[in-house]
Amino acid sequence: MINLILFGPPGSGKGTQAASLVDKYNLLHISTGDLFRFNIKNETALGKEAKSYIDKGELVPDSVTINMLKAKVDENPDVKGYIFDGFPRTIPQAEALDALMAEKGGISSLLMLDVPEEELVGRLLERGKTSGRADDLDENIIRNRQEVYRNETMPIFDYYFTKGKSVKVWGVGSIPMIFNRLSLELDSL
Ligand code: C5P
Ligand code: MG
């Protein structure tokens, strides 16, 4: 199996690249952000709980996010591998993911899309014009999401780096160019 963490700050292109990678490598794309938005749209209890955090650019509590992710993995046991997009966001989430993947060969690699912060803010403001996402519309919320990433999520890069699994990929350039950089890393696994 290939179990890939597609890592990087908000706006770095994880969702865009995951959409192409799943086709090429035949993997299941799991985006926890998309799962939350689906629940919000359908006004489930989970969606109502998550919305209060997401609208402020804060993280949903680990137990909620981990349970949702586990359920999605358990629903799809017979796949060639997974691409995790937007998860893990905290060290406890990374530990939970390692435990969950232990019997599936573990995490193969963490590929980080490396993009400067000012570029990210510009991209997200641009995306906000069409994404319909409240958290993409307000520059303060966008900046808060970047700060949460720096403080709570970035340590996950080092967590997997010490396991020899983290790689940075330059995330600026055309979408096909960045896709080629990611593919080169995946092909070398
Ligand atoms: O991954 P994405 O940027 O789509 O996530 C949108 C929002 O969902 C995040 O800003 C955060 O509020 C919430 N989220 C979370 N924990 C995750 C993934 C997403 O709290 N693991
Ligand atoms: Mg995304």
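Keep in mind it's a predicted model, so treat the numbers as computed, not measured. The first residue in the sequence is number 1, and the count goes up from there. These numbers come from the heavy atoms of this one structure, side chains and all, not from hydrogens, waters or symmetry mates.
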When you measure from the side chain of [X] to the backbone N and O of [Y], does any donor-acceptor pair fall under 3.5 Å?
X: Gln17; Y: Ile175; value: yes
X: Ser108; Y: Asn3; value: yes
X: Asn42; Y: Phe38; value: yes
X: Lys14; Y: Pro9; value: yes

Pro10 pairs by side-chain contact (heavy atoms from CB on, under 4.5 Å) with which of Leu120, Val148, Val115, Leu124?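 For Pro10, the side-chain contact (heavy atoms from CB on, under 4.5 Å) check succeeds only for Leu124.
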
Do [X] and [Y] have side chains that get closer than 4.5 Å, going by heavy atoms?
X: Ile30; Y: Asp85; answer: no
X: Thr65; Y: Asp62; answer: no
X: Val22; Y: Ile83; answer: yes
X: Met112; Y: Val169; answer: no
X: Ile5; Y: Leu97; answer: yes
X: Leu21; Y: Leu27; answer: no
X: Met101; Y: Val73; answer: yes
X: Tyr53; Y: Val64; answer: no

Quiz question: by atom type and distance under 3.5 Å, do the side chains of [X] and [Y] form a donor-acceptor pair?
X: Thr44; Y: Asn39; value: yes
X: Tyr25; Y: Asp187; value: yes
X: Asp98; Y: Tyr159; value: yes

If you compare all heavy atoms of [X] against all heavy atoms of [Y], which two are closest, and at what distance to 0.1 Å?
X: Tyr82; Y: Lys104; answer: OH-NZ, 3.7 Å
X: Ala94; Y: Pro88; answer: N-CB, 3.4 Å
X: Ile141; Y: Asp135; answer: CG2-O, 3.8 Å
X: Ile40; Y: Gly47; answer: CG1-O, 3.4 Å
X: Arg150; Y: Pro155; answer: O-CD, 4.0 Å
X: Gly171; Y: Ile178; answer: O-CD1, 3.2 Å

Would Lys48 and Glu43 count as a side-chain contact (heavy atoms from CB on, under 4.5 Å) here? Give the steps. CA-CA 6 Å; Lys48 282 174 192 154; Glu43 298 181 344; 4.3 Å; yes

Spacing of [atom1] belonging to [X] relative to [atom2] belonging to [Y], to within rounding of 0.5 Å:
X: Phe36; Y: Ser31; atom1: CZ; atom2: OG; result: 9.5 Å
X: Glu185; Y: Leu182; atom1: CD; atom2: CG; result: 8.0 Å
X: Lys41; Y: Asp34; atom1: NZ; atom2: CG; result: 10.5 Å
X: Thr16; Y: Arg123; atom1: OG1; atom2: CZ; result: 8.5 Å
X: Gln146; Y: Thr153; atom1: CD; atom2: OG1; result: 10.5 Å
X: Leu110; Y: Ser166; atom1: CG; atom2: OG; result: 4.0 Å

Taking Glu139 first and then Arg143, would you say they form a salt bridge - that is, a charged N and a carboxylate O separated by under 4.0 Å? yes

Pairing of Arg145 and Asp136 as salt bridge, 4.0 angstrom limit: yes

So with a 6.0 Å cut-off around [atom1] of [X], is the heavy-atom count from everything else above 12?
X: Glu75; atom1: CD; value: yes
X: Lys70; atom1: NZ; value: no
X: Lys165; atom1: NZ; value: yes
X: Lys24; atom1: NZ; value: yes
X: Leu189; atom1: CG; value: yes

Can the ring centroids of Phe7 and Tyr149 be said to lie less than 6.0 angstrom from one another?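 Between Phe7 and Tyr149, the centre distance is under 6.0 Å.
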
Identify whether [X] and [Y] are in the same connected component of the hydrophobic contact network (ILVMFWY, side-chain heavy atoms under 4.5 Å).
X: Trp170; Y: Leu111; value: no
X: Val79; Y: Leu35; value: yes
X: Ile2; Y: Phe87; value: no
X: Leu28; Y: Leu4; value: no

Within 45° of the ring axis of Phe161 and under 6.0 Å from its six-membered ring centre, is that where the NZ or CZ of Lys163 lies?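 Geometry flag: not set, cation outside 6.0 Å or 45°.
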
Intermediate values then yes/no, side-chain contact (heavy atoms from CB on, under 4.5 Å), Arg127 and Arg133: CA-CA 9 Å; Arg127 184 170 85 181; Arg133 284 179 56 169; 3.1 Å; yes

